[in-house]
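Below: one structure, written as structure tokens.
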Amino acid sequence: MIRTAFVFPGQGSQKAGMGRAWAEASPEARRTFEEADDAVGFHLSRLCWEGPEDELLPTANQQPAILATSVAILRGLAAARPELAPVAVAGHSLGEYSALVAAGALELADAVRLVRRRGELMQQAVPPGVGAMAAILGMDAEEVTAVVADAAAPGETCAVANRNAPGQTVIAGHTAAVERAVALATERGARKARTLPVSAPFHSPLMAPARDGMRPELAAVAFADPAVPVVVNVDAAPVADGSALREALVRQIDSPVRWVESVERLTGALGVALLVEVGPGNVLSGLNRRIAPAAKSLSVAEPAGLDKLDEALAALAAAGHQDAGTGNEEEGS
């Protein structure tokens, strides 16, 4: 088979109606939503399928809803194409929990409860209005690093939060410092620099209270060694140990998401030729094409995506991309 990785989206990928077509087409997907409903104690599936959109926006609802949808799609995909087995998995921020479920390191019920608590803690970590995030487009990573350093002031934080793609970086910190960074980036030639409509400065040092709050929550849950390596956000390295994966989830809360390097690791050292986005939307697929244009990137957010998946597999096989192994499958961190 083609060397394939499954990648899972994070916050911002949600929309009312997500996962419904999979639940209607796949008994495995429907049962997954039922399991998630039981885990959180309310009809999370109804929120995913019917909305309303404003109830999907709060972090404590959005995170478990995206996770449940991603795992439902994963299980529907596994039933529809049982021969397709990833050699590694990764997830963007929240999506790392979906990746751990996919790798067998974390049970779905535990993951749903954990991300709901994670969302609550992240929302509580910083009072409304104190923190902000901004996207800076058209500047390289070194230039953005210089901007955030120059924008910081005594008692204020400004830091890189997500390296999403070449020329696309998200920053986070105190509102005033982020606004200064936006102005500096614009002055220094950024194609676009704008604040984002988010509720907290995620993946910045201001999330330290959420990190500390999640540590005992994660310690109380069993983590198994994954069946395939998980390329984690915080180090952009493949991890094959359950305890190390638990610690990576703690650290990622107030550390940057190193997505560019993660995809480069998947398509480089791990030899992945096909990146399948498993979850609502197709944001990661767009980022992945920019990071690794030589690899195929596609989404299976809807069952119709299976046809494009089959086409991609056939094209890669015709081009000689059959899996011969790289010798790096068990590389850890």
Side-chain angles (χ1 to χ4, degrees), residues 8-14 57-67 90-100 106 111-136 144-145 147-149 151-164 169-182 195-221 232-236 244-262:
F8 298 86
Q11 283 192 236
S13 60
Q14 79 285 345
L57 286 176
T59 303
N61 286 344
Q62 187 180 153
Q63 294 200 11
I66 292 170
L67 170 68
H92 190 288
S93 186
L94 159 69
E96 197 157 277
Y97 284 80
S98 304
L100 265 63
L106 190 58
V112 170
R113 287 189 288 265
L114 283 169
V115 300
R116 184 162 174 80
R117 182 60 180 149
R118 178 181 185 264
E120 292 169 348
L121 289 167
M122 293 175 86
Q123 195 65 58
Q124 295 164 7
V126 179
V130 172
M133 301 185 78
I136 298 179
V144 176
T145 299
V147 163
V148 297
E156 292 183 345
T157 291
C158 190
V160 170
N162 304 338
R163 294 205 185 279
N164 284 335
T169 302
V170 175
I171 64 173
H174 286 98
T175 299
V178 170
E179 290 174 347
R180 285 195 297 272
V182 166
T195 56
L196 298 174
V198 297
S199 56
F202 304 123
H203 296 290
S204 77
L206 296 182
M207 287 289 108
R211 176 202 62 205
D212 294 341
M214 276 303 292
R215 187 178 292 279
E217 302 281 349
L218 289 160
V221 171
V232 299
N233 292 177
V234 70
D235 297 315
L245 288 171
R246 178 191 285 116
E247 183 59 24
L249 290 179
V250 174
R251 293 166 58 210
Q252 62 131 266
I253 293 173
D254 62 342
S255 299
V257 175
R258 297 167 63 182
W259 191 249
V260 171
E261 295 159 275
S262 296

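Atoms considered below: every heavy atom in the structure, side chains included; atoms not considered: hydrogens, waters and symmetry mates.
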**Asked** Got a sec, which residues hit side-chain hydrogen bond (donor to acceptor under 3.5 Å, both in side chains) with Glu156, two or more places apart in sequence or on another chain?
**Response** Arg180
**Fill in**
side-chain hydrogen bond (donor to acceptor under 3.5 Å, both in side chains) filter on Arg163, not counting sequence neighbours, yields Thr145
[Y] and [X], any side-chain heavy atoms less than 4.5 Å apart:
X	Y	answer
Thr59	Phe202	yes
Asn164	Thr169	no
Arg118	Met122	yes
Leu100	Leu249	yes
Val221	Leu106	yes
Arg116	Asn61	yes
Ile253	Met214	yes

Please report the closest heavy-atom contact between [X] and [Y], naming both atoms and the distance.
X	Y	answer
Ala159	Pro205	CB-CD, 4.0 Å
Ala236	Arg258	CB-O, 4.1 Å
Gly91	Ala99	N-CB, 3.9 Å
Ala132	Pro201	O-CB, 3.6 Å

**Asked** Would Met207 and Val126 count as a side-chain contact (heavy atoms from CB on, under 4.5 Å) if you check the C-alpha gap in whole Å, the side-chain angles of each, and the deciding distance to 0.1 Å?
**Response** CA-CA 7 Å; Met207 287 289 108; Val126 179; 3.8 Å; yes
**Request:** Kindly write out the residues that satisfy ring-ring contact (aromatic ring centres under 6.0 Å, His included) with His92, not counting sequence neighbours, or none if the list is empty.
**Result:** Trp259
Atom [atom1] of [X] and atom [atom2] of [Y]: how far apart are they, to the nearest 0.5 Å?
X	Y	atom1	atom2	value
Ser262	Asn233	OG	CG	5.5 Å
Ser204	Met133	OG	CE	7.5 Å
Leu114	Leu67	CG	CG	9.5 Å
Ile171	Asn162	CD1	CG	11.0 Å

**Message:** Quick one about Gln123 and Ser199 (side-chain donor to acceptor, distance below 3.5 Å, no hydrogens or angles considered), yes or no?
**Reply:** yes
**Prompt:** Does any donor atom in the side chain of His203 or Ser93 lie under 3.5 Å from an acceptor atom in the other side chain?
**Reply:** yes
**Message:** My understanding is that only one of Gln11, Gln14, Glu120, Arg117 makes a side-chain hydrogen bond (donor to acceptor under 3.5 Å, both in side chains) with Gln63; could you say which?
**Reply:** Gln11
**Asked** Between the main-chain N or O of Gly173 and the side-chain N or O of Thr157, is there a donor-acceptor pair closer than 3.5 Å?
**Response** no
**Message:** Under 4.0 Å between a side-chain nitrogen and a carboxylate oxygen: does that hold for Arg215 and Glu247?
**Reply:** yes
